[in-house]
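Heads up: the structure comes next, in structure tokens.
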There are 2 protein chains.
Amino acid sequence: MKRVFLKDIAKKLDVSIATVSLALNGNIKLGRISDELIAKIKQTALEMDYQPNVIARSLRSGKSNIIGLIVADISNPFFGTLAFFVQEYAAQKGYSVIIGNSNEQTSKLQNSIKSLKSQPVDGLIIVPTENCEEFLAPYINKKFPIVLVDRYLPSLEVSHVVIDNQDAAYKATRILIDKGCTRVALLIYKNNQTHMIERKEGYRKALTEAGCFNPNLIKEINYLDIKNDVSLAIRELISSPSSIDGIFFASNSLSTHGFSALYKRNKSFSSDFCISCFDKHDALDILPLNIPYVHQPIEEIGRQSVDLILNLIEGHNDIKKIKLSSKIVID
Amino acid sequence: MKRVFLKDIAKKLDVSIATVSLALNGNIKLGRISDELIAKIKQTALEMDYQPNVIARSLRSGKSNIIGLIVADISNPFFGTLAFFVQEYAAQKGYSVIIGNSNEQTSKLQNSIKSLKSQPVDGLIIVPTENCEEFLAPYINKKFPIVLVDRYLPSLEVSHVVIDNQDAAYKATRILIDKGCTRVALLIYKNNQTHMIERKEGYRKALTEAGCFNPNLIKEINYLDIKNDVSLAIRELISSPSSIDGIFFASNSLSTHGFSALYKRNKSFSSDFCISCFDKHDALDILPLNIPYVHQPIEEIGRQSVDLILNLIEGHNDIKKIKLSSKIVID
DNA sequence: ATTTGTTGCTAAAACGATTAAGTTATATCT
DNA sequence: AGATATAACTTAATCGTTTTAGCAACAAAT
């Protein structure tokens with residue numbers, strides 16, 4: 001019951017290895033094999049349960065049929081779900097996926113890329129970290145296939161798949177305004193990445209239009225000290241003389257800690273206080289408020305990322321920048 | 001700036017390819033190279049930024065240095081976290097990880113295994129699905145390296161890493177009894193897998209000891225129709241004449257839907273009603289109850305799984321069955 | 001009758017690494 | 001001095017595919 005190779009099929013049918021290979025891969029232009037022989041070879045391959053040796057094929061072709069996916073944190077359900085769909089869709093296209101983590105740190109992103117490149121992957125779908133441009137630029141310049149996802153890097157000409165974050169944040173803020181809120185706070189990560197900048201801008205735009213933008217209500221949270229920072233921010237916001245009447249949490253991890261901090265400070269989740277947030281969250285079903293959230297089309301993001309990276313891998317060098325729209329959902 | 005191979009280093013230093021390979025891999029027993037030359041070759045390799053071609057190496061050695069991890073659902077934070085640690089620890093040992101999903105279905109597990117095996121992986125860490133024994137047995141018999149995780153298959157002699165589910169469930173039920181609950185319900189998946197059987201047994205044991213075991217309070221949920229089933233179960237439990245005073249949710253997905261169903265049925269989350277559950281959950285911080293939960297040592301599970309699979313890959317054929325303990329946490 | 005074309009197949013190189021089995025040249029031993 | 005050992009390196013085979021180039025046989029065209 002040992003593994004079957006082309007050699008074994010060739011021996012059995014008393015033909016050459018090349019003939020078997022050509023018959024199975026059916027590139028009619030090159031060598032030509034008679035229809036009968038092709039049929040016989042295919043039949044025998046089936047009977048003997050021939051499985052091509054992917055590694056030998058890779059060595060010959062210079063392609064591994066593996067793509068790398070580097071996310072910020074695979075234990076975060078948003079990235080977990082993205083990984084799920086990327087994996088599903090890539091499998092359909094005959095590719096495997098190796099996942100790496102950056103933990104939002106450029107140094108760890110660097111390690112992941114190096115380790116994946118040496119594996120080696122044919123291309124990378126990357127959730128870029130803050131200030132990773134300098135490190136990524138050489139790969140881009142060398143035309144190594146890279147697609148950014150979730151965020152992009154304005155200074156680099158790279159394909160990416162993102163959502164319209166400004167629009168999403170605008171809608172999420174607007175829904176609070178429409179409910180009558182005038183003092184709406186924003187909890188957002190303190191960083192210079194596109195998704196955060198755009199979410200902040202959407203928030204600002206909605207409130208400015210409504211004539212009640214107040215920059216003091218923006219609380220910027222440090223990713224590495226999220227629990228503490230969110231807790232402090234919530235305390236400040238709640239204990240301020242003219243208290244807030246709404247909060248927009250600009251990411252799922254911020255709302256996780258935000259909800260917890262609000263609860264611990266005994267802030268009554270009553271209807272005179274409105275919340276909106278990014279991404280579906282387990283607590284949304286529990287809280288005695290109908291909390292609207294931005295629903296990102298994760299499956300679509302995954303599918304498009306795979307499409308783009310496969311496009312690059314196949315040698316089409318056109319850069320595509322895809323911006324998907326999202327909608328507000330109220331369960 | 002094209003890729004550097006052994007050939008290039010050899011040409012530059014006017015030595016043979018074999019010499020370069022031997023110098024870099026330093027297998028002193030085989031060919032011997034003078035210390036000076038070794039130093040010079042290593043230096044040059046560094047300068048030229050030589051990266052070994054993993055595929056060529058794999059073809060020669062018959063090893064890919066990739067392990068496959070097949071989980072039930074990578075978008076579930078428990079498995080996401082497990083994947084995170086498996087990946088981290090495997091990377092430390094020089095292995096990459098390819099992740100597959102089974103969605104708790106044996107047919108999808110089958111697809112994942114086939115696709116990963118053809119990639120090919122050196123070994124597989126698998127979260128087994130219900131009734132997958134028949135499909136898995138041939139691989140086990142052929143000594144293909146497999147480690148089961150989270151659950152095991154009593155009928156197959158395979159290495160595994162699980163937690164002591166009976167003990168965990170016993171403790172989680174016991175804590176409710178100690179709070180004074182006498183009518184404690186169990187929400188659990190309807191299947192014949194070890195982790196569920198053992199959790200049910202732990203629950204039964206605790207309540208029997210306390211003299212208040214009532215099989216009617218066990219609600220078995222269908223994984224594929226979880227939302228509906230949980231909702232129905234909660235309704236039955238709450239509206240029964242002699243209502244329950246506690247629930248133990250035997251998995252994180254069950255508690256997610258359970259909390260939601262309880263909330264929607266306006267069940268007051270008051271202190272005369274106690275809950276315990278499996279795994280940390282975002283809603284735990286929010287609910288106005290101190291809900292104890294079973295904290296699984298996910299990092300340890302990941303590390304041990306990797307250790308076992310690498311052991312098998314390296315040819316040590318001993319089967320190890322590891323049962324880790326978990327603790328109850330009250331935040 | 002020679003050229004040209006077509007069909008059906010095979011030989012052999014290539015992908016880039018590892019490694020068993022030499023081959024020198026020098027050192028050591030009797 | 002001659003035999004033997006050892007140090008330092010190289011040659012060439014190998015892993016399993018893919019694919020280029022070529023061979024032989026026969027057909028068609030000039």
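Chain letters run A, B, ... following the sequence lines, proteins first, then strands; residues in each count from 1.
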Using distance only, find each side-chain donor-acceptor pair of residues 76-94 of chain A under 3.5 Å and give its atom names and separation, not counting sequence neighbours.
unit_1: Asn76(A); atom_1: OD1; unit_2: Phe78(A); atom_2: N; d: 2.8
unit_1: Asn76(A); atom_1: OD1; unit_2: Asn252(A); atom_2: ND2; d: 3.2
unit_1: Thr81(A); atom_1: OG1; unit_2: Pro77(A); atom_2: O; d: 2.7
unit_1: Gln87(A); atom_1: OE1; unit_2: Asn101(B); atom_2: ND2; d: 3.3
unit_1: Glu88(A); atom_1: OE2; unit_2: Lys108(B); atom_2: NZ; d: 2.8

Side chains of residues 304-316 of chain A: which donor-acceptor partners sit under 3.5 Å, not counting sequence neighbours?
unit_1: Gln304(A); atom_1: NE2; unit_2: Glu300(A); atom_2: OE2; d: 2.9
unit_1: Ser305(A); atom_1: OG; unit_2: Ile301(A); atom_2: O; d: 2.6

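Residues Thr19(A) and Ser16(A) have side chains that bring a donor and an acceptor to within less than 3.5 angstrom of each other.
One finds no salt bridge joining Glu47(B) and Lys12(B) here, because no Lys/Arg side-chain nitrogen approaches an Asp/Glu carboxylate oxygen to under 4.0 Å.
For dC9(D), one of the phosphate oxygens OP1 or OP2 lies less than 4.0 angstrom from a side-chain nitrogen or oxygen of Ser34(B). The side chain of Arg32(A) contributes no N or O atom lying less than 4.0 Å from OP1 or OP2 of dG8(C).
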Pairs: protein N or O with nucleotides 12-15 of chain C N or O, under 3.5 Å:
unit_1: dC15(C); atom_1: O2; unit_2: Arg60(A); atom_2: N; d: 3.4

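Atom CZ of Arg57(B) is separated from atom C1' of dT19(C) by 13 Å (rounded to the nearest Å). To the nearest angstrom, P of dA7(D) lies 12 Å from CG of Asp35(B). Per the geometry, CD belonging to Gln51(A) stands 15 Å off P belonging to dG16(D), to the nearest Å. Protein atom CG of Leu13(B) is 11 Å distant from nucleotide atom P of dT10(D), rounded to whole Å. Taking atom CG on Asp14(B) and atom P on dC9(D), their separation rounds to 12 Å, with Å as the unit. Atom CG in Leu22(B) sits roughly 9 Å away from atom C1' in dC9(D) (whole-Å rounding). Atoms CD1 (Ile33(B)) and P (dA7(D)) sit 13 Å apart, rounded to a whole Å. Rounded to whole Å, atom C1' of dG16(C) lies 11 Å from atom CG of Asp8(B).
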Output, in order, the C-alpha distance, side-chain angles, deciding distance and verdict of side-chain hydrogen bond (donor to acceptor under 3.5 Å, both in side chains) for Gln119(B) and Ser96(A). CA-CA 7 Å; Gln119(B) 187 45 254; Ser96(A) 293; 2.7 Å; yes
Run the side-chain hydrogen bond (donor to acceptor under 3.5 Å, both in side chains) check on Ser64(A) and Ser58(A) step by step: do they pass? CA-CA 5 Å; Ser64(A) 67; Ser58(A) 291; 5.8 Å; no
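Nearest-nucleotide mapping onto DNA chain D: of Thr19(B) and Tyr50(A), the residue sitting toward the 5' end is Thr19(B).
Within the nucleic acid shown, Val15(B) comes within 4.0 Å of sugar-phosphate atoms alone, with no base atom in reach, counting heavy atoms only. Residue Leu37(B) is classed as a sugar-phosphate contact, given heavy-atom separations below 4.0 Å to backbone atoms only.
The cationic group of Lys117(A) lies under 6.0 Å from the six-membered ring centre of Phe144(A) and within 45° of the ring axis, placing it in a cation-pi geometry.
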